[in-house]
There are 2 protein chains.
Amino acid sequence: MNAQFKKGVLEMCVMALLGFRDRYGYELVHEISERFEISEGSIYPLLRRLLTEGYVSTYLQESVEGPARKYYSLTENGIFARDELIKEWNDFSTAVCGLIEEMTNAEG
Amino acid sequence: MNAQFKKGVLEMCVMALLGFRDRYGYELVHEISERFEISEGSIYPLLRRLLTEGYVSTYLQESVEGPARKYYSLTENGIFARDELIKEWNDFSTAVCGLIEEMTNAEG
DNA sequence: TTCTAGTATCTTACATTGCAAGATAGTGAT
DNA sequence: ATCACTATCTTGCAATGTAAGATACTAGAA
């Protein structure tokens, strides 16, 4: 899978998942991995960025299966940013898919 | 428009446009700008990369409207690479759109 | 006990790529 | 001459995904 395609999109996906319910990093990695390839080295730095930008807040929670989990929750600013990103993604992906279809259906 | 979304996608769009017919850089900038924002500083370095990788070949052609145009043409390797990219994009964008829909239709 | 596997978080160095800004130059109209 | 449009190119910068590795808790197997 082309790593470049994921730039920016991963951030949107994480925020969309957090908009549904709070999740911890390891959980996000596995959740997203069901849709497309992703690694921990992408998720943890991203979560740190979202925290710095004030788009998420965090809290720790004990676990019986291993070390404590760090849950992430979307803030109001995060909800706003997520909605903006999704709008842009929808416009962009629609434009790109349109171009691809037009250019491949008639093959020069 | 989120610049990150375009990473990798711009390359695919250029190759899709070149698969339809040969084009020159300035033309590509304006063609793509009708779909989404793009600048010359993105296109010319990209075309140079595609040339280095052997995905396109070039030829000069005089113009009555200004300086000579440098046309780009997809090579066989370029056609193969383009088709691979389009497959990956279709899989990826479908997965992302699916995730977004699922996470926003039920809003946590 | 020791080892392994699964769960969970974090950091560092690196590669890629889009963009702003600016340079260069030909054509043609004001 | 000056401006606008056409056309190409380069440089430095910013952003982000990835590999690779470190750390540490739990639980079962050898």
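Lettering of chains follows the sequences in order, A, B, ..., and the numbering in each one begins at 1. From a predicted model like this one, the values you see are computed outputs, not experimental measurements.
Sorted by first and then second residue, the salt bridge (charged side-chain N to carboxylate O under 4.0 Å, His left out) pairs involving residues 84-98 of chain A (not counting sequence neighbours) are E84(A)-K87(A). Legend: salt bridge (charged side-chain N to carboxylate O under 4.0 Å, His left out) pairs involving residues 23-32 of chain B, not counting sequence neighbours, sorted by first then second residue: R21(B)-E27(B), R23(B)-E31(B).
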Counting only pairs under 3.5 Å, give me each side-chain donor-acceptor contact of residues 49-65 of chain A, with atom names and distances, residues two or more places apart or in other chains.
unit_1, atom_1, unit_2, atom_2, d
T52(A), OG1, R48(A), O, 2.9
Y59(A), OH, D22(A), OD2, 2.7
S63(A), OG, E65(A), N, 3.1
E65(A), OE2, R69(A), NH2, 3.1

Distance-only check: which donor-acceptor pairs under 3.5 Å involve side-chain atoms of residues 1-15 of chain A, not counting sequence neighbours?
unit_1, atom_1, unit_2, atom_2, d
N2(A), OD1, Q4(A), N, 2.9
K6(A), NZ, E37(A), O, 2.9

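Among residues two or more places apart in sequence or in another chain, the side chain to side chain donor-acceptor pair (under 3.5 Å) test is passed with E40(A) by none.
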Quiz prompt | Under 4.0 Å protein heavy-atom contact, by nucleotide of nucleotides 8-23 of chain C - B base, S sugar-phosphate only | solution = BBBB----BBSBBB--

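Rounding to whole angstrom units, CD1 of residue I43(A) and P of dT7(C) are separated by 17 Å.
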